[in-house]
Amino acid sequence: MKHALTTTRASDFAAWYQEVIAAADMAEESGVRGCMVIRPWGYGIWERIQRLMDDRIKAAGVQNCYFPLFIPLSYFAKEAEHVDGFAKEMAVVTHHRLIADGKGGLTPDPEAKLEEPLIVRPTSETVIGAAMARWVQSWRDLPLMVNQWANVVRWEMRTRMFLRTSEFLWQEGHTAHADRADAMKETLRALEMYREFSETVLAMPVIAGEKPEHERFPGAEATYSIEAMMQDGKALQAGTSHYLGTSFAEAAGIRFQTSEGDHAFAHTTSWGTSTRMIGGVIMTHGDDDGLRVPPAIAPFQVIIVPMLREDEGDAAILDYCASLAAELGAQSALGERVRVHLDKRPGKSAGKRWEWLKKGAPVVVEIGGRDVAAGKLAAIRRDALYRDDGKLATEFPERAPFVAGIGALLESIQTNLHAEAKARLDANIVRDIVDWDGIVHYFKTTPVPGWVEISWSRPTGAALDAVVEKVKALKLTMRNVPLDAVAASGTCPLTGEPAVERILIGRAY
RNA sequence: CGGGGAGUAGCGCAGCCCGGUAGCGCAUCUGCUUUGGGAGCAGAGGGUCGCAGGUUCGAAUCCUGUCUCCCCGACCA
């Protein structure tokens with residue numbers, strides 16, 4: 001069957017991923033190492049994610065604010081584990097002026113060296129912690145819950161668009177609480193928010209769980225994640241939530257007077273999701289014809305393409321399209337007005353149709369003179385592009401019932417995309433392996449391996465290091481300990497010790 | 001950051017070894033024909049060959065440096 005992309009998922013998944021991004025006009029190279037230009041269609045998807053996530057964040061009583069891009073090195077140095085975790089990937093500002101280098105170029109002015117270097121934030125715990133120290137005096141000031149939408153920079157060695165870029169966009173929530181129980185409750189609330197968001201908005205099923213010790217955020221006491229399975233079976237960590245204990249509060253001085261009159265350090269949390277989720281959407285829903293955008297995050301849900309012939313009949317077609325767009329736009333889907341776009345650009349309608357299909361617009365409607373005369377239209381749904389015979393599954397409904405049913409149609413596409421991905425996730429987690437040979441056999445013989453969930457002994461220290469090395473030899477990593485896993489049983493295949501909990505293992509991005 | 005590959009028109013590529021007027025396909029534009037599923041024919045426009053030096057009468061081509069991308073590894077909350 002002929003497809004819109006030249007690379008298929010089966011032939012070269014990594015190349016396919018890049019082709020989708022290019023073909024859907026989502027993002028492109030910027031000329032700056034590891035940084036991308038996010039184009040309107042990609043950014044429009046991000047704006048949708050922002051809006052729907054922001055609604056949830058605010059509904060939880062968290063307020064938005066904004067903190068500086070630059071963080072004094074001294075702030076950052078206060079939490080030792082945090083520094084160790086990020087020091088190797090830091091962008092540092094050392095000068096504030098340029099001068100001519102005598103060769104026609106510019107160079108930092110040695111006279112303008114900063115007294116204290118500024119780092120470009122890789123995350124904002126330290127600078128937000130400093131503010132929280134000022135804002136929190138009394139137990140009455142807690143909990144303090146803030147969030148910011150921002151860009152952060154991490155100088156990664158190897159970058160991939162949306163999945164791991166030097167600069168990325170995200171939201172980072174930061175909260176301070178009077179005690180451990182309250183902070184842990186917030187950590188898990190944020191995790192559940194991410195799980196629900198991923199499932200219902202991104203139509204991307206995930207497993208929520210706790211990261212093993214060695215995968216924790218630097219400085220955290222506990223890290224939780226949502227893990228999504230891509231179409232190549234690899235895991236993508238799509239959101240994290242951390243219980244930070246009191247170490248960041250101690251480093252920043254977030255101290256308060258309790259109702260009993262003594263002093264205590266706050267228990268803090270942080271949680272984040274980023275533009276990486278867009279990479280997850282691509283690798284969850286994309287197919288060999290490009291992207292498929294879940295209707296909830298599609299910048300436009302319905303595209304109307306008039307089939308113009310540059311003759312006197314065009315005016316009637318455009319009138320018909322305009323009134324159809326208005327009627328569709330007055331309908332609701334997924335709790336919002338339907339987002340309709342009338343593509344009035346000149347050009348061949350076939351070319352425009354494929355452009356929108358590659359972008360993944362959920363529904364493409366084409367209108368020709370015959371439709372105007374008959375009061376009908378031609379509709380293509382992106383989640384079910386082809387008929388069994390390989391031709392486009394275009395339908396030709398009457399206008400009025402189509403308009404009345406658009407909300408239900410978009411909702412069914414949203415549901416359908418989720419169901420497809422959920423079936424794939426469920427089918428590719430193996431839960432009955434009980435020994436190391438079984439793990440090796442699974443990953444060596446399965447053409448597109450997914451994940452295995454095993455009972456393990458939760459080793460720590462050197463024993464954990466040994467286990468990490470052992471699975472690394474198979475290019476595997478421990479993903480998380482699912483919150484809703486069944487009880488552990490038997491012996492840990494990795495250590496031979498009695499198992500205490502269930503953990504997911506798989507290849508990861 | 002180590003090993004490998006690549007950068008030539010909007011996109012995909014050839015030309016480079018062996019230096020001598022910048023090529024092809026798709027896309028774009030024009031004309032004619034066509035017209036309900038990515039139309040056909042004819043013609044046209046578009047590139048300081050990633051960037052900076054060097055060698056040479058002459059550099060896309062040879063040399064040096066540098067930037068960016070891709071693959072493998074290391075790294076990756």
Side-chain angles (χ1 to χ4, degrees), chain A residues 2-7 12-15 17-19 22-23 25 28-36 79 81-90 103-105 121-125 152 154-161 163-166 168 170 172 211 213-220 222-225 236-242 244 270-274 276 289 305-311 313 317 346-358 364 366-374 376-380 385-387 390-396 472 475 477 508-509:
Chain A
K2 190 195 168 194
H3 287 286
L5 302 185
T6 56
T7 312
D12 186 341
F13 196 79
Y17 176 75
Q18 294 185 118
E19 192 177 341
D25 295 329
E28 63 189 21
E29 293 304 332
S30 63
V32 180
R33 190 203 138 79
C35 297
M36 61 179 172
E79 218 292 338
E81 283 185 41
H82 194 54
V83 176
D84 285 350
F86 284 108
K88 285 171 289 185
E89 52 186 53
M90 206 71 79
K103 289 178 281 188
R121 63 178 166 223
T123 180
S124 304
E125 275 75 6
V152 289
R154 299 178 187 182
W155 214 255
E156 302 285 356
M157 285 293 109
R158 195 165 163 189
T159 60
R160 305 186 74 180
M161 281 199 187
L163 297 178
R164 182 172 289 109
T165 44
S166 300
F168 57 92
W170 77 343
E172 48 179 325
K211 290 299 232 183
E213 175 187 310
H214 66 287
E215 299 265 357
R216 277 182 200 143
F217 177 73
T223 287
Y224 297 84
S225 71
L236 184 74
Q237 179 174 299
T240 51
S241 184
H242 317 288
L244 302 174
S270 67
W271 28 273
T273 53
S274 70
R276 170 181 268 198
D289 293 291
V305 179
M307 302 176 73
L308 303 176
R309 288 187 181 163
E310 294 177 6
D311 61 24
I317 293 173
K348 291 174 195 159
S349 58
K352 288 197 283 183
R353 171 177 72 228
W354 282 100
E355 185 181 313
W356 288 110
L357 293 176
K358 283 186 283 191
V364 175
E366 295 177 305
I367 303 294
R370 207 181 293 173
D371 300 302
V372 175
K376 293 182 142 191
L377 52 88
I380 304 169
L385 253 196
Y386 297 103
R387 302 190 309 217
K391 298 212 166 126
L392 280 180
T394 310
E395 291 186 24
F396 302 91
K472 198 169 156 189
K475 295 186 176 184
T477 58
Y509 277 97

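Bear in mind the structure is a predicted one, so any value in this text is a computation, not a measurement. Labels below follow one simple rule: chain letters A, B, ... track the order of the sequence lines, proteins then strands, and each chain is numbered from 1.
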When the [atom1] atoms of [M] and [N] are compared, how many Å lie between them, rounded to an integer?
{"N": "rG36(B)", "M": "rG47(B)", "atom1": "C1'", "result": "39 Å"}
{"N": "rG54(B)", "M": "rA60(B)", "atom1": "P", "result": "15 Å"}
{"N": "rC24(B)", "M": "rG46(B)", "atom1": "C1'", "result": "15 Å"}
{"N": "rG15(B)", "M": "rG7(B)", "atom1": "P", "result": "10 Å"}
{"N": "rA44(B)", "M": "rU56(B)", "atom1": "C1'", "result": "37 Å"}
{"N": "rG23(B)", "M": "rG73(B)", "atom1": "C1'", "result": "39 Å"}
{"N": "rC17(B)", "M": "rU61(B)", "atom1": "C1'", "result": "9 Å"}
{"N": "rC13(B)", "M": "rA74(B)", "atom1": "C1'", "result": "33 Å"}

Keeping the roles fixed (side chain from Glu19(A), backbone from Thr6(A)), state whether a donor-acceptor pair exists under 3.5 Å.
-> yes
Heavy atoms under 4.0 Å is the rule here; annotate nucleotides 66-72 of chain B 5' to 3' with B where the base is hit, S where only the sugar-phosphate is, and - elsewhere.
-> --SSSSB
Find the partner of [N]: check Watson-Crick (N1-N3 plus N6-O4 or O6-N4) and G-U wobble (N1-O2, O6-N3) distances, both under 3.5 Å, and reply none if neither fits.
{"N": "rC49(B)", "answer": "none"}
{"N": "rG2(B)", "answer": "rC72(B)"}
{"N": "rU35(B)", "answer": "none"}
{"N": "rU28(B)", "answer": "rA44(B)"}

Using whole Å, what does the distance between atom [atom2] of nucleotide [N] and atom [atom1] of [X] come to?
{"X": "Lys391(A)", "N": "rG36(B)", "atom1": "NZ", "atom2": "P", "answer": "14 Å"}
{"X": "Lys376(A)", "N": "rG36(B)", "atom1": "NZ", "atom2": "P", "answer": "16 Å"}
{"X": "Leu385(A)", "N": "rG38(B)", "atom1": "CG", "atom2": "P", "answer": "13 Å"}
{"X": "Arg276(A)", "N": "rC76(B)", "atom1": "CZ", "atom2": "P", "answer": "13 Å"}
{"X": "Arg164(A)", "N": "rA74(B)", "atom1": "CZ", "atom2": "C1'", "answer": "13 Å"}

What pairs with [X] under side chain to side chain contact (heavy atoms under 4.5 Å, CB included), at least two apart in sequence or on another chain?
{"X": "Ala22(A)", "result": "none"}
{"X": "Ala393(A)", "result": "Arg387(A)"}
{"X": "Ala14(A)", "result": "Asp12(A), Arg160(A)"}
{"X": "Ala220(A)", "result": "Phe217(A), Thr223(A), His242(A), Leu244(A)"}

Taking side chain as C-beta onward, heavy atoms only, is Val372(A) less than 4.5 Å from Ile367(A)?
-> yes
Side chains of Arg121(A) and Phe86(A): closer than 4.5 Å at any heavy-atom pair?
-> no
For a quick check of understanding: with a heavy-atom distance under 4.0 Å over all strands, which category does [X] fall into, base, sugar-phosphate or nothing?
{"X": "Ala22(A)", "value": "nothing"}
{"X": "Lys352(A)", "value": "nothing"}
{"X": "Phe168(A)", "value": "base"}

Across all chains, not counting sequence neighbours, the side chain to side chain donor-acceptor pair (under 3.5 Å) partners of Glu215(A) are none
Partners of Asp371(A) by side chain to side chain donor-acceptor pair (under 3.5 Å), sequence neighbours excluded?
-> none
Side chains of Gln237(A) and Ser225(A): do they bring a donor and an acceptor to under 3.5 Å?
-> no
Sequence neighbours excluded, which residues qualify as ring pair (Phe, Tyr, Trp, His ring centres under 6.0 Å) partners of Trp170(A)?
-> Phe168(A)
Name the closest nucleotide to the Glu89(A) side chain, picking from rG38(B), rC76(B), rC1(B).
-> rC76(B)
Candidates rG38(B), rG36(B), rC1(B) - which lies nearest the side chain of Ala350(A) | rG38(B)
Contacts under 3.5 Å, N or O only, protein and nucleotides 27-35 of chain B:
{"unit_1": "rU35(B)", "atom_1": "O2'", "unit_2": "Arg309(A)", "atom_2": "NH2", "d": "2.4"}

